[in-house]
There are 2 protein chains.
Amino acid sequence: MTSTKEKILNVAEELFADHGFSETSLRMITAKAEVNLASVNYHFGSKKTLIQAVFDRFMLRFTNDLSLEMDRLDEADSELQVIDVLSTLIKPITQLDNLRPDGAGVFMNLLGRAYAETQGHIRRFAMEHYASILKRFTQLLHTTSPNLQPTEMFWRLHFMLGSFIFTLAGHEALQEISESDFDQKVSIEEIIKRLVPFMSAAFSFDSNKPYGTTQASDDVGHKKLSAGEH
Amino acid sequence: MTSTKEKILNVAEELFADHGFSETSLRMITAKAEVNLASVNYHFGSKKTLIQAVFDRFMLRFTNDLSLEMDRLDEADSELQVIDVLSTLIKPITQLDNLRPDGAGVFMNLLGRAYAETQGHIRRFAMEHYASILKRFTQLLHTTSPNLQPTEMFWRLHFMLGSFIFTLAGHEALQEISESDFDQKVSIEEIIKRLVPFMSAAFSFDSNKPYGTTQASDDVGHKKLSAGEH
DNA sequence: GTATGTTTCAAACACTTGTTTGAATTTGCT
DNA sequence: AGCAAATTCAAACAAGTGTTTGAAACATAC
């Protein structure tokens, strides 16, 4: 038997992801969850803290899995490549689908919404609670590219974060376009597996060398293979 | 003398960028613009259409400049590199600062907000109105990497778009962190100029070749960690 | 000047929002 | 069982929302 508190959390995270925080009223939540309106304030205090509770629960599931993946990387004593570090993100994201249909999509939508709250409380909340795991990820990434300056590292990390959250938060629209334009249905997992090597290549870019030396483009007459091989 | 209509547009675009669409009330706008509340409905019809008007005006300034930049690229007959195409974005974005203080920041905030409106009317509006210039940009990019499959191209383009919008929409927060962590103040222009070569390197990545050949780091013989395999 | 069309204004409208209240009900415990 | 704490419930609250109204003010033309 799921408690009232859980029923609220489950419905809230879904509606928040679909419609946004301020576009989702407590009445929408309590109606769909089939609980009384006042129970939100009783169990969570306010809408603000409900949002944080939803966000925190989802985030914990993800960061726990991510920590495990990073543990595995720490144990392995072979030399780390960028792609190894970025690949730690794949499982924690895709495994969110086990919790609910399209769990990864819901999670990413929430993350995107939270990030859009530029001046809001969620941003502060996130920075305070998840700074440590972000730092660990950054340090791991640093070992793969020790000659990268900290500031350059910082920016590249956020460039990548942008790509991840933005792409996966808007995956529904992108999936639609992909299907209508290329007749190709793509899952979130496939998107990530395209994104990881793409970003790894970007991270491996050496800004000290003159641009062009890492180019793969023109005169190398190489044959096409299937683009999505894994 | 600025008309009532313009006063509303100017204030609205600022408040929308700062607080979001639904978090900005018409009363906030009309109060700051020092116009009557009813004038919004009189001049624009509804809040919905006001949002579209704000978005459209900002978008036109940008796309006009971008078109000019792409014209210049068409005229040049030297072989185009990825970075040449991506560099067309620099000027149109930074020039938005001429219109108002931190114009580029406001623009990017708006773009981010609009994108977050996953199921909203703005998304549809944008797709209908700006599909042509996006297509032109895509085609230009295609000439630099003719052996890239259309689907791969599509995804890379949106990966990049994510990085751009996400990073620049959140530039205020990132600038703060950068300043407190590295004592470095960075302008939007500097962010873009970091982002463009970073993304160019990613685009130049040849997914057909085994990963590692475009590496700037050490040797080729990298050992695969089975981090993300199912 | 008067007449005509455009724009502004204060006030009200109908509706939704998050939150609080105090009584009713259920639950846990001895 | 009976008592006490925890939970649920319907109702109301105060505040804010976008929009409409009809009169006032303004502008422009004849």
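Computed from a prediction, not measured in an experiment: that's the story for all the values here. Below, chain A is the first sequence line, B the second, and so on; all start at residue 1.
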Check the phosphate of dT7(D) against N36(A), side-chain N and O only, distance under 4.0 Å to OP1 or OP2. Yes or no? no
Look at the side-chain N and O atoms of H43(B) and state whether any lies under 4.0 Å from the OP1 or OP2 oxygen of dT8(C). yes
Check this one for me: any side-chain N or O of S39(B) less than 4.0 Å away from OP1 or OP2 of dT7(C)? no
Tell me the interatomic distance from Y42(A), atom OH, to dT8(D), atom P, rounded to whole angstroms. 7 Å
Salt bridge (Lys or Arg N to Asp or Glu O under 4.0 Å) pairs, two or more places apart, involving residues 189-203 of chain B: E152(A)-R194(B), E189(B)-K193(B)
From CD1 of I29(A) over to P of dT16(C), roughly how many Å is that when rounded to an integer? 17 Å
Using residues 1-9 of chain B as the side-chain source, report each donor-acceptor pair under 3.5 Å to any protein atom, sequence neighbours left out, with the distance given to one decimal.
unit_1: S3(B); atom_1: OG; unit_2: E6(B); atom_2: N; d: 3.2
unit_1: E6(B); atom_1: OE1; unit_2: S3(B); atom_2: N; d: 3.3

For residues 88-96 of chain B, tabulate all N or O donor-acceptor pairs below 3.5 Å that involve a side-chain atom, not counting sequence neighbours.
unit_1: T88(B); atom_1: OG1; unit_2: V85(B); atom_2: O; d: 2.5
unit_1: T94(B); atom_1: OG1; unit_2: I90(B); atom_2: O; d: 3.0
unit_1: T94(B); atom_1: OG1; unit_2: K91(B); atom_2: O; d: 3.2

Taking the inter-plane angle between the rings of F154(A) and F182(B) on a 0 to 90° scale, is it parallel (under 30°), tilted (30 to 60°) or perpendicular (over 60°)? perpendicular
Protein proximity profile, nucleotides 17-29 of chain C - base contact B, sugar-phosphate-only contact S, no contact -, cut-off 4.0 Å on heavy atoms: BBBBB--------
Interatomic distance, E34(B) CD vs dA10(C) P [rounded to whole Å]: 13 Å
For E23(A), check salt bridge (Lys or Arg N to Asp or Glu O under 4.0 Å) against everything at least two apart and list the hits. none
So, using ring pair (Phe, Tyr, Trp, His ring centres under 6.0 Å) as the criterion, who are the partners of F198(B) when residues are at least two apart? F159(A), F203(A)
